[in-house]
Amino acid sequence: MVDDKMEHSALECPRCGEVLGKPLHTNARARTAALSLAALFLYVPANIYPIITMQYLGRETENTVWGGVQALYEDNMWPIAILVFCASILVPLLKLAGLAFLVINRSSRRQRFRTGLYKVIAHIGPWAMLDVFLLAVMVGVIRFGRFATVVPGPGILAFTSVVVLTMLASASFDPRLIWNNESNENDQRLT
């Protein structure tokens, strides 16, 4: 039986007092699941609704993320289209799917696979922030004054929420849960 005091305290070196290991975050799995689920719910509106509405010389166009990818591809800028597609659509979806798999899968089998998956999620994480950078650059570059107006569309709130919730879900997941036999701990806490 695990001592309740041991479970919630940091491990310290008896000689120098340095912290050797921190305890598992409370409810890390539930928090990651909630944040990932919220991001997945907002993922569809973020990619369906217009992100920006641009008014240029009397014409108004509404642009979605997918529409931007298509426009870049049609304008023969396929490398940028691929980059925007990966950073704005593919990477967040793969990251959320990977986190969902890590949260749902509690068995002690496939721990090496789950560890590798976590490393991939941590590695591709910064690429999901590229869309925020591209949006900032685009708004900074498109300053036409009287000739054009860029107005945030209804999808920008969902898009921003997906980015923030995905970052929070990644940060809240404790990778030690992969190797921790959580089912035994839950049984012990109930008794």
Side-chain angles (χ1 to χ4, degrees), residues 1-47 65-66 69 79-134 158-191:
M1 179 133 202
V2 177
D3 184 16
D4 202 27
K5 184 179 177 185
M6 253 325 245
E7 187 176 318
H8 297 290
S9 62
L11 298 173
E12 294 181 5
C13 174
R15 188 169 188 188
C16 67
E18 188 69 29
V19 175
L20 301 174
K22 296 180 181 175
L24 288 173
H25 299 292
T26 332
N27 299 326
R29 189 178 301 275
R31 188 178 317 113
T32 303
L35 292 167
S36 297
L37 188 61
L40 281 171
F41 278 133
L42 291 171
Y43 183 81
V44 173
N47 288 298
V65 176
W66 178 247
V69 170
I80 297 173
I82 291 172
L83 185 64
V84 171
F85 172 75
C86 289
S88 300
I89 297 173
L90 187 63
V91 169
L93 184 62
L94 292 176
K95 195 172 180 179
L96 289 171
L99 282 171
F101 177 79
L102 290 174
V103 167
I104 291 169
N105 190 343
R106 293 182 176 206
S107 71
S108 59
R109 296 173 35 194
R110 297 187 183 172
Q111 288 175 332
R112 292 198 190 279
F113 171 76
R114 292 180 4 207
T115 302
L117 178 62
Y118 177 75
K119 287 179 181 180
V120 168
I121 290 170
H123 181 72
I124 66 172
W127 286 97
M129 289 304 296
L130 186 62
D131 46 3
V132 176
F133 173 73
L134 289 174
F159 185 78
T160 306
S161 298
V162 168
V163 171
V164 170
L165 288 170
T166 303
M167 286 179 4
L168 291 173
S170 295
S172 69
F173 182 76
D174 191 343
R176 294 175 291 176
L177 291 172
I178 295 171
W179 293 92
N180 190 19
N181 192 354
E182 189 172 348
S183 60
N184 288 342
E185 286 182 15
N186 287 337
D187 293 343
Q188 290 176 354
R189 287 181 193 161
L190 294 173
T191 56

Inset, instruction - Identify the two heavy atoms, one from Val162 and one from Thr166, that lie closest to each other, and give their separation to 0.1 Å. - result: O-OG1, 2.6 Å
N/O donor-acceptor pairs under 3.5 Å from side chains in residues 32-47, not counting sequence neighbours:
from  : atom 1 : to     : atom 2 : distance (Å)
Thr32 : OG1    : Ala28  : O      : 2.8
Thr32 : OG1    : Ser172 : OG     : 2.9
Thr32 : OG1    : Phe173 : N      : 3.2
Ser36 : OG     : Thr32  : O      : 2.8
Tyr43 : OH     : Ile89  : O      : 2.6
Asn47 : ND2    : Tyr43  : O      : 2.9

Legend entry - N/O donor-acceptor pair under 3.5 Å between Arg29 side chain and Asp174 backbone: no
Inset, instruction - Hey, could you give me the CD1/CG distance between Ile121 and Leu96, rounded to the nearest 0.5 Å? - result: 9.0 Å
Inset, instruction - Answer whether the closest heavy-atom distance between the side chains of Leu99 and Ser170 falls below 4.5 Å. - result: yes
